[in-house]
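Down below is the structure, laid out as structure tokens.
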Amino acid sequence: MGAAVSVKPDALSNVCQRRVAKTNPKGSKTECLFADGASILISNFLASFVRAGDELLFPLEHEGADVGTQIYIRKTNPDERRWDVFQAEIGYATQPRKDKRNNLFVSAEVPDSQLGISAINLRCEVLRDYFYVGNRRRGWDRQSSFYELLRVNPKVSPAELRLAFKLRTLELSAAHASTGDLRALNRAFNILARLELRACYDALLNDPTSPALFPYAGFGSLVVAGDISRDGSTFYASRILSFLPEQKFKQFRAPLRKVTFCADHAILRNSRHKLEIFFDQTSLPLLWDSSWNQWKHLLGTKISIKGTFVQSGKYQQHAGAWHLAQWETALPSRIEVALPSNIVEQIADARKTHHRFGEFAEALDLIRARIESGPVERADLQKHCIELGIPADFDISLITWKPDYDAFYYKQLCKRARRLYLFRSEYIFDLEKVVIVETPQLGHATYVFSKPTSMPEFLAIYGRVTKEDIRQNRGNVGERLGFLGRLIHDLNARAWLKELKVEIGEPVDFAEASN
């Protein structure tokens, strides 16, 4: 049985402690009636662990209402051999480590500690018997392996694993299998489809006492049975009763150039939106390999992604201190990818362009030297390319393109430009009413200048100064060039486009710009 609950002094005044007289089901909730006549509502699942005589601890703010995410059920009947039950929203769950008795455990933080409990400690065998089994009612030694559930060999590739998962899902659905069987199949696939979780599972198959990871590092609603520490700050879980991760459905388009390609899997990490997706060659059906990383930046195409994302995180060291970096990771079983209809042609063009960069390296070096000395119009450079033996369909503007640049900005400026000049690592767009300078690389802003009376004179002056000179108006150069300001490449490219339209005098569709 659990020790007497000891709540931290600073939380005592905010905690209600009531003895249950009886429970009364009310649809999707259950009413807990207390000996003093008060009552609260809790979930039916949590109510299944409540008995008359139990003590409930919950935040004072929920007294007489639907109780929040934190509730403690203390067992008081000495004739019942039952553990206390604790429900809370958890944050980051640590990597496995050893306690004083040399037992492996994981500690999950309780960020908003309303009951004084700031951490839940879970032994690795507790994690193993909840997350890494198909049937949670059987012991570890009586489990069918995840490979057996999916009917695959333990050496199966990620792509073959997904095909097996889809086939088994169809078979079980056709056989009207139980919800429990379908959930076990999803759990098996979601563990094996993640490289680090599959490695953890394989280690457990070889040695059941191996360290067990908390999948995706926690973050969700956890219900556990166990005991509380003497000071009331830590709950020691002997069993996980339920875990529901934080989940969000997302639908968006992502540049294919942002994907990192490996031998048998690919990864999309969006650092701005803190998103992470793992692909296999079935979920991203393009027959790619690691060589794609050499030329993927030449791909302007985007793929459409639908998925269910769970919160995850990892501590990283920065400036001598450790910081928690939180991400949202796509569940492997709930990813859908749609490819553009012309994806094959775009890939072929990107490969051909990359091949030409190698084939005509010496000629392109001459072009680079020419634009290093001063701005040159793209049409003149294309003629020079033909003279040097480079095919006429080669787009010379790609010579300064950086892998992290979003083609959206370039395309929007190109369709409005009368002429395009290349200068060092920049593009100079000559529009009807303004001149735009753009650097095709992440982190650079768009520079806007008023329309000069003489474009050659503008280019001559611009070729002799720096961006810093222009911003600081050194020697009055900013005014001479007609510098109007910068457009920041924000998270929302449509907002950038709205600002651009304002600068060049185009009508603005504010509904489109806000999407």
Side-chain angles (χ1 to χ4, degrees), residues 128 131-134 143-174 177 181-208 210-213 215-217 254 256-270 275-296 299 301 303-310 312 327 329-339 343-344 347-348 350-351:
R128 179 199 68 191
F131 292 111
Y132 296 90
V133 297
Q143 294 288 335
S144 296
S145 76
F146 283 167
Y147 297 106
E148 291 170 334
L149 291 179
L150 289 160
R151 296 182 180 175
V152 294
N153 186 286
K155 296 187 182 298
V156 66
S157 70
E160 293 169 333
L161 184 70
R162 182 173 293 275
L163 289 173
F165 168 66
K166 289 182 176 181
L167 180 60
R168 287 293 292 141
T169 300
L170 290 173
E171 290 174 349
L172 291 180
S173 298
D181 288 341
L182 289 170
R183 286 177 177 172
L185 190 69
N186 272 268
R187 183 161 58 251
F189 177 68
N190 283 330
I191 290 293
L192 297 181
R194 290 284 299 204
L195 299 180
E196 74 280 8
L197 296 179
R198 181 172 177 175
C200 174
Y201 180 71
D202 289 343
L204 288 169
L205 288 181
N206 292 326
D207 180 4
S210 296
L213 299 174
Y216 305 98
L256 190 57
R257 61 185 171 79
K258 292 286 188 179
V259 177
T260 300
F261 298 97
C262 304
D264 60 357
H265 69 280
I267 308 170
L268 171 63
R269 288 191 177 98
N270 186 320
L275 298 178
E276 180 183 67
I277 307 172
F278 281 72
F279 301 104
D280 54 62
Q281 289 190 323
T282 301
S283 59
L284 186 60
L286 289 174
L287 296 177
W288 37 261
D289 56 49
S290 57
S291 68
W292 281 39
N293 296 316
Q294 300 172 13
W295 50 266
K296 65 181 182 181
L299 279 168
T301 188
I303 57 176
S304 298
I305 299 171
K306 295 180 183 178
T308 298
F309 289 74
V310 296
S312 61
W327 290 68
T329 302
L331 285 175
S333 62
R334 300 184 186 179
I335 299 174
E336 294 181 31
V337 177
L339 303 174
I343 184 67
V344 175
I347 290 173
R351 275 178 162 158

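Proximity of a side-chain donor or acceptor of N293 to a complementary backbone N or O of S290 within less than 3.5 Å is detected. Checking side-chain atoms of N190 against main-chain N and O of N186 turns up a donor-acceptor pair under 3.5 Å. Side-chain atoms of N206 come within 3.5 Å of backbone N or O of D202 as a donor-acceptor pair. With Y132 contributing its side chain and F146 its backbone, the two residues share no donor-acceptor pair below 3.5 Å. At distances below 3.5 Å, at least one donor-acceptor pair connects side-chain atoms of R168 with backbone N or O atoms of L149.
Taking a 6.0 Å sphere around CG of L287, one finds it holds 12 or fewer heavy atoms contributed by other residues, nucleotides or ligands.
Counting heavy atoms from C-beta on, the side chains of L197 and L192 never come closer than 4.5 Å. Between C200 and L204, some side-chain heavy-atom pair lies under the 4.5 Å cut-off. Annotation: side chain of R162 is in contact with side chain of S283 (closest heavy-atom distance under 4.5 Å). Counting heavy atoms from C-beta on, the side chains of F165 and L161 never come closer than 4.5 Å. No side-chain heavy atom of L182 sits under 4.5 Å from any side-chain heavy atom of R187.
Residues satisfying the salt bridge (charged side-chain N to carboxylate O under 4.0 Å, His left out) criterion with R151, sequence neighbours excluded, are E171. Remark: E336 engages no residue in a salt bridge (charged side-chain N to carboxylate O under 4.0 Å, His left out) (not counting sequence neighbours). Here S304 pairs with nothing under the side chain to side chain donor-acceptor pair (under 3.5 Å) rule; sequence neighbours left out. Residues passing the side chain to side chain donor-acceptor pair (under 3.5 Å) test with R128: none are found, sequence neighbours excluded. Not a single salt bridge (charged side-chain N to carboxylate O under 4.0 Å, His left out) links E148 to another residue, sequence neighbours left out.
By the 6.0 Å and 45° rule, R194 stacks over the aromatic ring of F278.
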Show which side-chain atoms of residues 260-269 pair as donor or acceptor with protein atoms under 3.5 Å away, not counting sequence neighbours.
from : atom 1 : to   : atom 2 : distance (Å)
R269 : NE     : E276 : OE2    : 2.9
R269 : NH2    : E276 : OE2    : 3.3

